[in-house]
Amino acid sequence: MKNISEARFLNEMRSVSANMYRLGWDERNGGNISYLLEQDEIADFLDPGSVIRKIPLGFDARALSGKIFLVTGSGKYFKNIDRDPENNLGIFRISGDGSTAELLWGYADGGQFTSELPAHLMSHCARLSVDPENRIVMHCHPTYTLALNYVHVLDEKQLTHTLWQMCTECIVVFPDGVGVLPWMLCGTNEIGEATAKKMEAFRLVVWGMHGIYGAGKTMDEVFGLIETVEKAAQIYMLTCHMPRIGTIKDEELRELAESFGVSYRRDFLDI
Ligand code: 2HA
Ligand code: ZN
């Protein structure tokens with residue numbers, strides 16, 4: 001067996017979480033990430049027959065039985081993941097009956113997966129149903145995205161439209177737009193179900209007055225989605241209290257989307 005510190009998936013998790021922390025998106029224990037791993041990706045590093053302990057999931061994850069995930073730990077700080085992955089992360093397999101997580105590595109201090117696991121696993125299911133290559137679900141609290149929530153109507157058409165107008169590349173990066181949920185109690189199956197429902201249509205979902213979820217095939221894709229929303233939100237927050245004398249017109253947004261050949265939410269434009 002090779003040492004897991006050489007595993008690409010672990011190094012991706014360490015570097016993205018460190019990056020997110022430095023950007024101020026994951027204060028204290030804020031944020032969580034889940035990464036769907038392939039059997040053969042872990043085969044060099046872990047014995048799939050060697051289960052350290054079983055942790056009840058608290059919801060029915062039968063649709064993902066047998067699947068293996070690398071997930072940030074409950075109450076853990078993104079700040080600490082890179083220097084101490086084994087205490088702050090865990091790798092587990094969903095049991096055959098979908099009721100428990102079979103721990104294969106990590107959560108070494110006796111911890112467990114993030115309290116937002118329902119939203120993560122339900123979102124994986126929803127995204128896999130529309131994109132079989134989806135691997136990552138990422139949640140964080142980016143500063144300007146959160147600030148925007150307090151001064152902008154929480155409507156997905158209007159919010160997406162505002163973000164698209166803030167940077168030329170937005171409609172190309174997230175042509176599918178941003179889903180929006182109202183403020184809801186976090187850590188529950190209910191917010192998990194609501195997030196997953198949105199994830200059937202969107203790779204990005206804003207949790208009102210809380211943060212954002214992103215999903216996609218790779219860490220770079222998902223980080224890039226959230227980074228682009230955050231940049232657009234920053235431009236909005238830097239300009240929203242000033243007279244607006246310029247904008248990207250809807251005809252220009254359409255021209256961009258058509259020129260880059262992306263399938264965009266036409267109903268989010270007023271043309
Ligand atoms: O895990 O971000 O939504 C900390 C959170 C909860
Ligand atoms: Zn959160």
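Note that ligands are numbered from 1 as they come in the structure, with each ligand's atoms numbered from 1 the same way.
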Within the structure, does [X] bring an N/O atom to less than 3.5 angstrom of an N/O atom in ligand 1?
X    : result
S115 : no
W207 : no
G31  : yes

Verify whether the ring centers belonging to H120 and F69 lie closer than 6.0 Å.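 No.
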Top protein contact for atom 4 (C) of ligand 1, by heavy-atom distance: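 So the nearest neighbour among protein heavy atoms is N29 O, 3.1 Å.
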Which residue and atom name correspond to the protein heavy atom nearest atom 3 (O) of ligand 1, and how close is it?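 For atom 3 (O) of ligand 1, the nearest protein heavy atom comes out as E116 OE2, 2.6 Å.
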Q112 vs S74, test: side-chain hydrogen bond (donor to acceptor under 3.5 Å, both in side chains). Steps then yes/no. CA-CA 6 Å; Q112 64 170 50; S74 176; 5.4 Å; no
ask   = Looking at side-chain heavy atoms only, is the closest gap between R8 and N11 below 4.5 Å?
value =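 The answer is no; the side chains never approach within 4.5 Å.
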Mark up the atoms of ligand 1 that fall under 4.0 Å of a heavy atom belonging to [X], in ascending order.
X    : value
N32  : 1 (O), 2 (O), 4 (C), 5 (C)
G30  : 2 (O), 4 (C)
H139 : 2 (O), 3 (O)

- To the nearest 10°, how many degrees is the angle H210 NE2 to the Zn ion (ligand 2) to H141 NE2?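 Nearest ten degrees: 100°.
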| said: Between H139 and I33 (side chain of the first, backbone of the second, donor and acceptor by atom type, cut-off under 3.5 Å), is there such a pair? | reply: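 No: the side chain of H139 does not pair with the backbone of I33.
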Donor-acceptor pair, side chain of R53 and main chain of L103, under 3.5 angstrom: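 No, R53 side chain to L103 backbone: no donor-acceptor pair under 3.5 Å.
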- Task: State which residue, out of E12, R135, H124, fulfils the side chain to side chain donor-acceptor pair (under 3.5 Å) condition with Y35.
- Result: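 Filter result, single survivor: E12.
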Give a yes-or-no answer on whether the side chains of S95 and D97 include a donor-acceptor pair shorter than 3.5 Å.
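Checked: S95/D97 side chains pair up, N/O donor to acceptor below 3.5 Å.
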